[in-house]
Protein chains: 2
Amino acid sequence: MSYDDGMTTLSAADLELAHGVRMAVTRLARRLRNQRADLSLTPSQLSALAALDKHGPITPGQLADHEKVQPPSMTRVLGVLEEKGLVVSTPHPTDRRQKVVEVTSAAHAMLVADRRAREEWLASRMAELTSAEVAALRAATPVLEKLIAP
Amino acid sequence: MSYDDGMTTLSAADLELAHGVRMAVTRLARRLRNQRADLSLTPSQLSALAALDKHGPITPGQLADHEKVQPPSMTRVLGVLEEKGLVVSTPHPTDRRQKVVEVTSAAHAMLVADRRAREEWLASRMAELTSAEVAALRAATPVLEKLIAP
DNA sequence: TATTGTTATACTCTATAACTATA
DNA sequence: TATAGTTATAGAGTATAACAATA
C-alpha cells in the first residue's frame, strides 16, 4: 500500500480495499445494532446508560459533557432512567451542589445480557464459516482495532 | 469453530472471537461515521436522501415504507430536501394521485464526495499498516460480507 | 461572584387523525 | 369505496434562558 503523506495521491487499489472494508464494516455494524433487543429506551437514554455503566459513578454534568448534550437534557434523561430503576443518585461527598449517579445492578445485568445476545448471534453466524474463514477473521480483528486506535 | 445448530452451546472461544469482532466492527463503524462531513441534514433527511439515491426514482409512499416512517413524516422530510435543491418531484406517469421523487445531480455528487472522503480517510489509516496486515484485511473483507448476508 | 443542577419555555421531529384529489 | 399525499394537531426530545442552592 502506498504511503499517504497528504501530498501523494492514494492509489486506486488502496481506495478499492478501503471501499470494501467500509461497506462490510458499516453493514455488519448495522446488522449487529438490529440484533439489539427492545429495551424500551430511546437512543439518548440507552447511550447515557451505557456511558454511565462504562465510566462509573459520575456527576450529571460530567455525563452531559461526555454525551455532548446540555445539562437540562441530561436532567430529563436521568429522570426517566431513575424512574425505571436503572440508575440511582447519591449526594456528592464533598460538594453539596453536585450529586453522583450510577447504574443499578439490574441495569448493568441488562446491558451485559444484551451485549451477550448480540455476540451469540454473531457467533452463530460464524458457525457457518469454514475454518479458513474463521482464521481470516481472527487475523483481521487486531488490524481493525489498529485502524481505530488514534 | 463448533457448529451451532441451535441445540448445542457455543464454546467460550467462539464467543471470545465474536466479542473481538463485535467491538472492532462497532468502533470502526463509529469512527467512519464521525468522519462524515457536516451536510447540514438531520439523520432522517440524510437517510431518506441516501435511500432515494440508491433506489432510484420512487414515490413518497414507497420511500416512507423503506425508511419505516409514516407518510406525513416523509412529506416533511421531502419538503426540506426539495427546498435545499436536493430532490425534485415529477408527476406519476399513470396515476395522478401519486408523484415520483428523485435526487438531483447536485445531491448525488454530494453523497458520492462524502463517501469518497470517508474512504480516503480509511485508506490513509491503512497506509500505516504493514503489508501483512493489509493482506489480513483483504482476506477478511469477503468473510465479513458473508456474515452479513442473511 | 462562579458553578451545579433544575425548572420554564420554545423549537424540531415524528406520529395519528382528518382532509383533498384521484382511481 | 379505496388509495396517495397533504394539512392539522399532539406527543417526545432537546435546546436556551431564568432560577435556586452552594462553593
Side-chain angles (χ1 to χ4, degrees), chain A residues 30 33-34 36 38-52 55-104 107, chain B residues 30 33-34 36 38-52 55-104 107:
Chain A
R30 186 177 308 135
R33 272 201 306 280
N34 290 343
R36 188 185 288 284
D38 174 29
L39 304 178
S40 295
L41 295 175
T42 67
S44 298
Q45 291 161 3
L46 182 58
S47 179
L49 187 64
L52 202 54
H55 297 103
I58 53 177
T59 68
Q62 289 173 316
L63 186 56
D65 280 348
H66 184 274
E67 291 292 289
K68 296 187 175 63
V69 299
Q70 295 303 310
S73 303
M74 190 51 70
T75 294
R76 288 198 57 157
V77 167
L78 288 173
V80 172
L81 294 177
E82 199 153 2
E83 271 178 24
K84 289 175 180 281
L86 299 174
V87 311
V88 290
S89 67
T90 54
H92 192 282
T94 62
D95 186 339
R96 286 193 299 167
R97 292 173 306 180
Q98 302 186 51
K99 65 183 193 181
V100 176
V101 289
E102 64 184 313
V103 301
T104 61
Chain B
R30 185 177 307 133
R33 272 201 305 280
N34 290 344
R36 187 186 287 285
D38 174 30
L39 304 177
S40 294
L41 295 176
T42 67
S44 298
Q45 291 161 4
L46 182 58
S47 180
L49 188 64
L52 203 54
H55 297 104
I58 52 177
T59 68
Q62 289 173 316
L63 186 55
D65 281 348
H66 184 276
E67 292 292 289
K68 296 187 177 62
V69 299
Q70 294 304 308
S73 303
M74 189 50 71
T75 295
R76 287 200 57 158
V77 167
L78 288 173
V80 173
L81 294 177
E82 198 153 4
E83 272 177 24
K84 289 175 180 280
L86 300 174
V87 311
V88 290
S89 66
T90 54
H92 192 281
T94 62
D95 186 339
R96 287 193 298 169
R97 291 173 306 181
Q98 302 186 50
K99 65 183 194 180
V100 176
V101 290
E102 64 185 313
V103 301
T104 62

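Chain naming here is simple, since letters A, B, ... match the order of the sequence lines and numbering starts at 1 in each. Everything numeric here is computed off the predicted structure, so don't read it as measured data.
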Separation of D:dG13 atom C1' from A:E67 atom CD, nearest Å, is 15 Å
A:T75 side chain N/O closer than 4.0 Å to the phosphate oxygens (OP1, OP2) of C:dG5?
-> no
Could you state the CE-C1' distance from B:M74 to C:dC13, rounded to the nearest angstrom?
-> 13 Å
Is there a side-chain contact between B:E82 and B:V101, using heavy atoms and a 4.5 Å cut-off?
-> no
B:R76 CZ to D:dT9 P, in whole Å, measures 14 Å
Please report, rounded to the nearest Å, how far the C1' atom of C:dT3 is from the CD atom of A:Q62.
-> 13 Å
For B:I58 and D:dA4, what is the distance between atoms CD1 and C1' respectively, to the nearest whole Å?
-> 14 Å
Which atom names give the shortest non-hydrogen contact between A:S40 and A:K84, and what distance separates them?
-> O-NZ, 3.5 Å
Got a donor-acceptor contact below 3.5 angstrom from the B:S89 side chain to the B:K99 backbone?
-> no
Atom CG of A:L46 and atom P of D:dA12 are separated, to the nearest Å, by 19 Å
May I ask you to evaluate whether B:S73 reaches the phosphate of C:dC13, defined as a side-chain N or O under 4.0 Å from OP1 or OP2?
-> no
Sole candidate of B:V77, B:L63, B:T104, B:L49 that passes side chain to side chain contact (heavy atoms under 4.5 Å, CB included) when paired with B:V87 = B:L49
Could you check how far CD of B:E82 sits from C1' of D:dG5, rounded to whole Å?
-> 13 Å
Sorted by number, the residues of residues 90-98 of chain A with heavy-atom contact under 4.0 Å to DNA chain C = A:R97, A:Q98
Gap between atom NE2 of A:H66 and atom NE2 of A:H55 - 0.5 Å precision = 4.0 Å
Taking CG from B:L41 and P from C:dT12, how many angstroms apart are they, rounded to a whole number?
-> 16 Å
Heavy atoms from other residues, nucleotides or ligands near CZ of B:R33 exceed 12 (cutoff 6.0 Å) | yes
Reckon B:P72 touches a base, only the sugar-phosphate, or nothing at all at heavy-atom distances under 4.0 Å?
-> base
Between the OG1 atom in B:T59 and the CG atom in B:D95, the distance rounded to the nearest 0.5 Å is 9.5 Å
